[in-house]
Amino acid sequence: MAQDEKVIPARDERYDAQRVESKWFERWQQEPTLYAAESTSLKPKYYVLEMLPYPSGALHMGHVRNYSIGDALARYMWMNGCNVLHPMGWDSFGLPAENAAISANVPPREWTLRNIANMKAQMQRLGFAYDWQREVTTCFPEYYRWNQWFFLKLYERGLAYRKKSKVNWCPKCCTVLANEQVINGGYCWRHEDTLVEQRELEQWFLRITDYAEELLRDLGRLPGWPEKVRVMQRNWIGRSEGALIDFKIDGPAPPSGPAISVFTTRVDTIYGATSVQLAPEHPLVSDMTAENAVLRAKVEQLIAEQRKAKELGDIGEIEKHGVNTGWGAINPFNGEKLPIWVANYILMDYGTGAIMSVPAHDERDYEFAKKYKLPVRLVVLPGGGDADETSSDPPLPFVDENGLVVNSGLFSGLRSPEAIRKMAEYAQQNGFGKATVTYRLKDWGISRQRYWGTPIPMLYCEEDGIVPVPEKDLPVLLPDNVQITLTGGSPLLEVPEFLHATCPKCGGAARRETDTMDTFVDSSWYFYRYADARNSQAPFASDTIAYWFPIDQYIGGVEHAILHLIYSRFWTKFMRDFGLVRNDEPVEHLFTQGMVIKDGAKMSKSLGNVVTPDEMVARYGADAARLYSLFAAPPDRDLDWQDKGIEGIQRFLGRVYRFVMRHAAATRNAGPAAPQAVNLSPEARAVQRKLHQTIKRVSDDFQGRWHFNTSIAAIMELVNELYGLEENRTRGESVAAIVPAGLLAELQRDLALLLAPFAPYLAHELWEILGQQGNLLRAPWPKYDPVLAQEEEIEMPVQINGKVRSRITVQADATEVLVRERAMADEKIRKAVAGKQVENVIVVPGRLVNIVLC
RNA sequence: GCCCGGGUGGCGAAAUAGGCAGACGCACGGGACUUAAAAUCCCGAGGCCCUAACGGGCCGUGCGGGUUCGAUUCCCGCCCCGGGCACCA
């Protein structure tokens, strides 16, 4: 065939990845619908998603690894006949764009769009199979208008509200920082020597705590999530069952109230309370210190200590300090008057900021009581219930939660769990307390005093107060040409045409909200938008969501285990309650890949150990970069990048290419049918067996642990075996002479198919060289035949007392009796056993023989 | 302190039912091809010891115990590294 001469290069030509990849890159660029998901299909749906990137400027190797995993899976699912949704987008609002505006004087929009263009080109060059028709860019009004729409819905239902609250403030940036931008326990991420301050500001909050219970409960219904992530979320939600108990203040009531409410998980120890402890910033403290400057100064000292410890990140390790206020409070259970102290180990932002101190039964209270010589009163003893042993003198503090309650009036003689229940009931009946549940999770503060984000669609009117922007007026557009300044307020404050609006209720003048939304709002629901990305009437059509959701597989870094993944779960749950979606959870299976490190440290510019995708693609090709990122370590573990390692992958790709090159002509002329096993020579049968074993191993890795490093190793083994045969050409036994044409054709096609999820460029090239019609992406994944994969003869080690002494070769299905006979008849074994007493012979069929001597 | 990972050759790693430790790859050594180099192809290789060699012995998966015919794998007690949480009452 004359045509072949042109298409097919010389047999042993070196693999030129740049030439081949450029060719396919150009072709794929011509076909924008190549990887499009079908909106309706009889095939099973499969939604595979990688976390969308922030358009920082360029991809790094962590991205490449993340997307290589997802792309392999997407391609595998396509080849297994699924209707695959595999989209990509941009988390494109955020502070770095504003920083660029300040430092490089580039408008945030321009900076962002330029970065997106660059990163998209990088992704396409890497050959990732995304459905770009569904691309989502969160900084476009077509997207963020729905953030505003959701906000209005939340506001209508009372799930969005406004309150005064403390926020992180960097005095050098002159702006509020997200919690994520506060590093090393209290420093600004851009000014690592600058401590973040706390400022009190009016903020918009989303009532995520309404869903705390369900968010916690449903963690138990996510078996497809890593245990690690579920534990992290559980800790973050931090549910704690306990009781609120009011201690009446002795004497005239101060302005902030007549009683101190304390939270405790151990109300059963309340008869052992010997003081009440307040956080230094507790509102009552200022009342109590109002007329005592000395006391006030001491409290200020405690506040300073706490703040410093928090900044240093070692709150929990500071030395406990406290000061007696001179005030007293009444224990409602026994009428006892207890001193009220202020202590630096009491946190204002947990529980009520006040505790009852029970030194005998709490580590911290014990330490504090020892220091300040407060009484220690034992009210729970070991034993009780089914325990036989009781001791009236346990080591202190005694914190066992299942002891016997004593010296506690009516409640003496109960075990702790029962006492906790009864005492909470008693408190409620008598009006001084109740059982309660507290959470560490707080409502989500979404206000940001920044420019580059979604405007919060709210108005403030002199007449009507807070007024939502009517739905028909959405989107509230983020203006361009805004001067990004460091004056301390939102830059939008300085834009009169944005700031001044008309009240939709009274028609009078109104001021627009100038804060923008936390960018985590954007990423909380973006994956729903992919399913219906061009919908201009609604964020999405519910029926379309019902088809695609939940996401079958979500892949990303574990650093998003809490924030993004909790917000996303919250968003799904309220959308379900609003009737917008039907699923309870957004993600069925979550996979968290490890970090890419080099020379023992995370790649970073300051360490100078950065490897960029661009240089890898230029030197080795996209296939090699992708394959190596999958080969160097299992995907869930950290990957230690070694420059020499990728060269080995490059060699492997060349070996595959040259092998196929040598035999392609035969394949192109061969029929599609594979020969029956019975017709094969033992050598050809061995090749066939290896092929089927390889298909099995690669398929099993996709179905199981995703240890693609071993999948790729398996393909390397197959190729090595073929080369081993090839070398026998000196005896006139090249692979083509050993393996019949039909099997050789099957072998080569399967090789291309097996490589397709990992190295798509080479795979497509081979597919074409082999004369195959149709897109490789839609070609069926090869099936293995378990019978053909089976070994006929196996070598079994023969051990004596657990040490290998010889080896025998037997039929794979040899009986235990036969194997034992053969083992005992082996010459080395006979010698070793001679004259000794055989105590036992263990035969594990298909595995080994162990002869136990005395 | 608590909760997760992890610790295996010079290096990245493999060993999915308790059954041959080190597959695959890197680096290294030897050879083939070449005038030469590169590229390519083949072979070798955990450590220590015995042997001229063929062969053979002992040790070896962080440390110490245990269970078992047999342990990288299971149990108990520790050490080290990475990550998360942390006066959470």
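Residue numbers start from 1 in every chain, and the chains themselves are labelled A, B, ... in the order their sequence lines are given, proteins ahead of strands.
Annotation: A17(B) and A71(B) have their C1' atoms spaced 14 Å apart (nearest Å). G62(B) and A23(B): their C1' atoms are spaced 23 Å apart (whole Å). Taking atom C1' on both G6(B) and G12(B), the two are 15 Å apart, rounded to the nearest angstrom. Taking the C1' atoms as reference points, G25(B) lies 42 Å from G1(B), given to the whole Å. Between the C1' atoms of G56(B) and G66(B), the separation comes to 33 Å (whole Å).
Comparing U16(B), A89(B), G19(B) by their nearest atom to the side chain of D362(A) picks out A89(B). Candidate nucleotides C26(B), C87(B), U16(B) were compared by shortest atom distance to the side chain of K320(A), and C87(B) ranks first. For A713(A), taking side-chain heavy atoms from C-beta onward, the closest of the listed nucleotides G12(B), U16(B), A23(B) is A23(B). Checking A89(B), C20(B), A14(B) against every side-chain atom of T265(A), the shortest atom distance belongs to A89(B). Which of A13(B), G19(B), A27(B) sits closest to the side chain of R847(A) comes down to G19(B). Counting only heavy atoms from C-beta on, P634(A) has its side chain closest to A14(B) among G12(B), A14(B), A86(B).
Residue F652(A) is classed as having no contact, given no heavy-atom separation below 4.0 Å to the nucleic acid. In this structure, D701(A) reaches the bases: a heavy-atom distance under 4.0 Å links it to at least one base atom across the strands shown. In this structure, I715(A) reaches neither bases nor backbone, as no heavy-atom distance under 4.0 Å exists between it and the strands shown. If you check every strand for non-hydrogen atoms under 4.0 Å, Q277(A) touches nothing. Looking at heavy-atom distances under 4.0 Å, N720(A) makes contact with sugar-phosphate atoms alone, never a base. Across all strands, E367(A) comes closer than 4.0 Å to no nucleic acid atom at all (heavy-atom distances). Among the atoms of the strands shown, none is found under 4.0 Å from any heavy atom of G238(A). Across all strands shown, R230(A) has no heavy atoms under 4.0 Å from either base or sugar-phosphate atoms.
Taking only side-chain nitrogens and oxygens, R637(A) never comes nearer than 4.0 Å to OP1 or OP2 of G83(B). Taking side-chain N and O atoms only, T710(A) has no distance below 4.0 Å to OP1 or OP2 of C24(B). Between N235(A) and C4(B) there is no side-chain polar atom (N or O) within less than 4.0 angstrom of OP1 or OP2. The phosphate of G56(B) (OP1 or OP2) has a side-chain N or O of K828(A) nearer than 4.0 angstrom. Under 4.0 angstrom from either OP1 or OP2 of C88(B) there lies at least one side-chain N or O belonging to R364(A). At A14(B), one or more side-chain N or O atoms of N709(A) fall inside 4.0 Å of OP1 or OP2 (strictly under the cut-off). Taking 4.0 angstrom as the limit, R655(A) places a side-chain polar atom (N or O) nearer than this to OP1 or OP2 of C41(B). For R658(A), a side-chain nitrogen or oxygen approaches OP1 or OP2 of C41(B) to under 4.0 Å. The side chain of R651(A) places no N or O atom within less than 4.0 Å of a non-bridging phosphate oxygen (OP1 or OP2) of A38(B). OP1 and OP2 of G56(B) both lie 4.0 Å or more from every side-chain N or O belonging to K831(A).
Here the two rings, on F432(A) and F247(A), have centers that are 6.0 Å apart or farther. Here the two rings, on Y366(A) and Y345(A), have centers that are 6.0 Å apart or farther.
In textbook terms, a nucleotide whose glycosidic angle is within 90° of 0 is syn, while G84(B), being further out, is anti.
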Steps toward salt bridge (Lys or Arg N to Asp or Glu O under 4.0 Å) verdict (R239(A), E213(A)): CA-CA 8 Å; R239(A) 184 180 195 276; E213(A) 200 59 46; 3.0 Å; yes

Might you work through the salt bridge (Lys or Arg N to Asp or Glu O under 4.0 Å) test for D826(A) and R807(A), ending with a clear yes or no? CA-CA 8 Å; D826(A) 181 83; R807(A) 292 167 191 285; over 6 Å; no

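With I355(A) as the partner, the side-chain contact (heavy atoms from CB on, under 4.5 Å) test is satisfied by one option alone out of I346(A), L347(A), T264(A): I346(A).
Atoms CD1 (I646(A)) and P (C26(B)) sit 13 Å apart, rounded to a whole Å. Rounded to an integer number of Å, the gap from CE of M232(A) to P of C4(B) is 14 Å. Counting to the nearest Å, the P atom of G82(B) and the NZ atom of K598(A) are 20 Å from each other. Spacing between atom CE of M356(A) and atom P of C87(B) amounts to 20 Å, rounded to whole angstrom units. The distance from atom NZ of K644(A) to atom P of G10(B) is 21 Å, rounded to the nearest whole Å. Rounding to whole angstrom units, CG of residue N801(A) and C1' of G70(B) are separated by 10 Å.
Base pairing analysis places C41(B) opposite G31(B); the two distances defining the Watson-Crick or G-U wobble pair are each below 3.5 Å. In this structure, G18(B) forms no base pair with any nucleotide, since neither Watson-Crick nor G-U wobble geometry is met with both distances under 3.5 Å. Judged by Watson-Crick or G-U wobble contacts below 3.5 Å, the nucleotide C85(B) has G1(B) as its partner. Base-pair partner of C74(B): G66(B) (Watson-Crick or G-U wobble, both distances under 3.5 Å).
A distance-only check finds no donor-acceptor pair linking the side chain of S806(A) to the backbone of I829(A) [under 3.5 Å]. Here the side chain of N344(A) pairs a donor or acceptor atom with the backbone of H321(A) at under 3.5 angstrom.
A donor-acceptor contact under 3.5 angstrom links the side-chain atoms of R807(A) to the base of C20(B).
Looking at every heavy atom in both residues, A273(A) comes nearest to L338(A) through O-CD2, 3.5 Å.
Heavy-atom nearest nucleotides on RNA chain B were determined for M796(A) and for V231(A), and the one closer to the 5' end corresponds to V231(A).
Relative orientation of the W341(A) and F368(A) rings is perpendicular, given thresholds of 30° and 60° on the angle between their planes.
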